[in-house]
Colleague: 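Once you've had a glance at the structure underneath, I'll fire off some questions.
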Amino acid sequence: MLICWNLNSVSARLEHLKKVIKQNSPDVLLLQEIKCINEKFPHDELGDLGYNIEVFGQKTYNGVAVLSKHPIEDVCIGLEQVVQEQEARYIETTVAINGICNRIISVYVPNGAEVGSEKFKYKLEFLQRLYERLSHLKSIEENIIIGGDFNIAPEEIDVYDAKQMSGRVCFHIDERKWFRKILNLGYIDSFREFNRDMQQFSWWDYRAGSWQHNKGLRIDQILISPKLMDKITKAGVLTEPRGWERTSDHAPIYIGW
DNA sequence: ATGGTAGGCTCCCTA
């Protein structure tokens, strides 16, 4: 099993994370929005649970990590080589599971603030760079898993109110086009593959009782290369942790084999 | 059209 979760601060959510680990004992965890530098990541507590850990951290904002019960190799930090000049949103690793070598990525796509803003422009530029990287990976890797908070709801079924969300950030056509272009490279949206007509969100705003009214978006995805998809038997969202006290605004998502 | 909540860190930014 592989679990992918935007924690909205690893230190505020350490007990939540440990509980999810104890309930599911996943082979691999992909984390986003850890909101800390590498030195402040809870290496000891999570290492004690049997995980190898690779972190691309940053003070206050962003931050991604890969945790694995199996050895982690060939770590690449960031979409560009110049790490100092970029936000901590992308980490790429290799993990062998059951004798199969997998390139495994944790990504946190920029939110984009408002359509038309500078931050939205940055989001689209990030998506282009992500597209180019994933295009390149396709030519050199066979088994690829990319999990993260894409901050894009791909289709109408993935938002609580398609009319209200129309043209707004996380559901704007320019973002959804990039998501579609990535799929068209030959990546499969694992959740949608196993749950063709199911409306299931992965994120609910903290405000206005969104969780209680199930007003959410499916903006977290795990994309898989086709050959590897044959080994996967299920994909879904762990909604229970979203109902816990002082939890993240995202629920963990998973694939199983 | 606006405001609602949360985390980190400093009284504001990002989401």
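All values below come from the heavy atoms of this structure, side chains included, with hydrogens, waters and symmetry mates left out. In what follows, chains carry the letters A, B, and so on, assigned in the order in which the sequence lines appear, proteins first and then strands, with residues in each chain numbered from 1.
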Colleague: Decide whether A/D27 and A/H70 meet the rule of one side-chain donor and one side-chain acceptor closer than 3.5 Å.
Modeller: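 Judged by distance alone, the side chains do pair up.
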Colleague: Rounded to the Å, how far apart are A/K59 NZ and B/dG7 C1'?
Modeller: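 Value for this atom pair: 14 Å.
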Colleague: What interatomic distance, in whole Å, is found between P of B/dC13 and the corresponding atom of B/dC9?
Modeller: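 So the two P atoms sit 16 Å from each other.
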Colleague: What is the distance, rounded to the nearest whole Å, between atom CG of A/L7 and atom P of B/dA6?
Modeller: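 About 17 Å, once rounded to whole Å.
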Colleague: Walk me through whether A/L30 and A/W5 qualify under side chain to side chain contact (heavy atoms under 4.5 Å, CB included).
Modeller: CA-CA 6 Å; A/L30 307 179; A/W5 196 7; over 6 Å; no
Colleague: Using the C1' atom in both, what is the distance from B/dA6 to B/dT10, to the nearest Å?
Modeller: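 My reading of the C1' atoms in B/dA6 and B/dT10 gives 16 Å.
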Colleague: Let me know the distance between CD of A/E245 and P of B/dA6, rounded to the nearest Å.
Modeller: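 In whole Å, B/dA6 P lies 10 Å from A/E245 CD.
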Colleague: Checking side-chain polar atoms at under 3.5 Å, does A/T94 have a donor or acceptor matched by the opposite partner on A/R103?
Modeller: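 A donor-acceptor contact under 3.5 Å links the two side chains.
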Colleague: Within the 4.0 Å heavy-atom criterion, would you say A/S248 contacts the bases, only the backbone, or no part of the nucleic acid?
Modeller: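 If one applies the 4.0 Å heavy-atom cut-off, A/S248 turns out to touch nothing in the nucleic acid.
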Colleague: Calculate the interatomic distance between A/L14 atom CG and B/dG7 atom C1'; express it in whole Å.
Modeller: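 Atom CG in A/L14 sits about 15 Å away from atom C1' in B/dG7.
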Colleague: Apart from A/I173 itself, what residues make up its hydrophobic cluster, given side-chain heavy atom links below 4.5 Å?
Modeller: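 Cluster partners of A/I173: none, it stands alone.
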Colleague: Sticking with atom P, work out how far B/dA1 lies from B/dC11, rounded to a whole angstrom.
Modeller: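 33 Å, rounded to whole Å.
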Colleague: Between the protein and nucleotides 11-15 of chain B, which nitrogen or oxygen pairs are less than 3.5 angstrom apart?
Modeller:
{"unit_1": "B/dC13", "atom_1": "O2", "unit_2": "A/Y61", "atom_2": "OH", "d": "3.4"}
{"unit_1": "B/dT14", "atom_1": "OP2", "unit_2": "A/K119", "atom_2": "NZ", "d": "3.1"}
{"unit_1": "B/dA15", "atom_1": "OP1", "unit_2": "A/R89", "atom_2": "NH2", "d": "3.1"}

Colleague: So with a 6.0 Å cut-off around CG of A/D74, is the heavy-atom count from everything else above 12?
Modeller: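 It does: A/D74 CG has more than 12 such atoms within range.
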Colleague: With nearest nucleotide decided by heavy atoms, which residue, A/N8 or A/A208, maps closer to the 5′ end of DNA chain B?
Modeller: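 Final value for this comparison: A/A208.
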Colleague: For A/K215 and B/dT5, give me the distance from atom NZ to atom P, rounded to whole Å.
Modeller: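 Rounded to whole Å, this separation is 15 Å.
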Colleague: Say whether A/Y90 and A/N62, considering side chains only, have a donor N or O and an acceptor N or O under 3.5 Å apart.
Modeller: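 No, A/N62 and A/Y90 have no side-chain donor paired with an acceptor closer than 3.5 Å.
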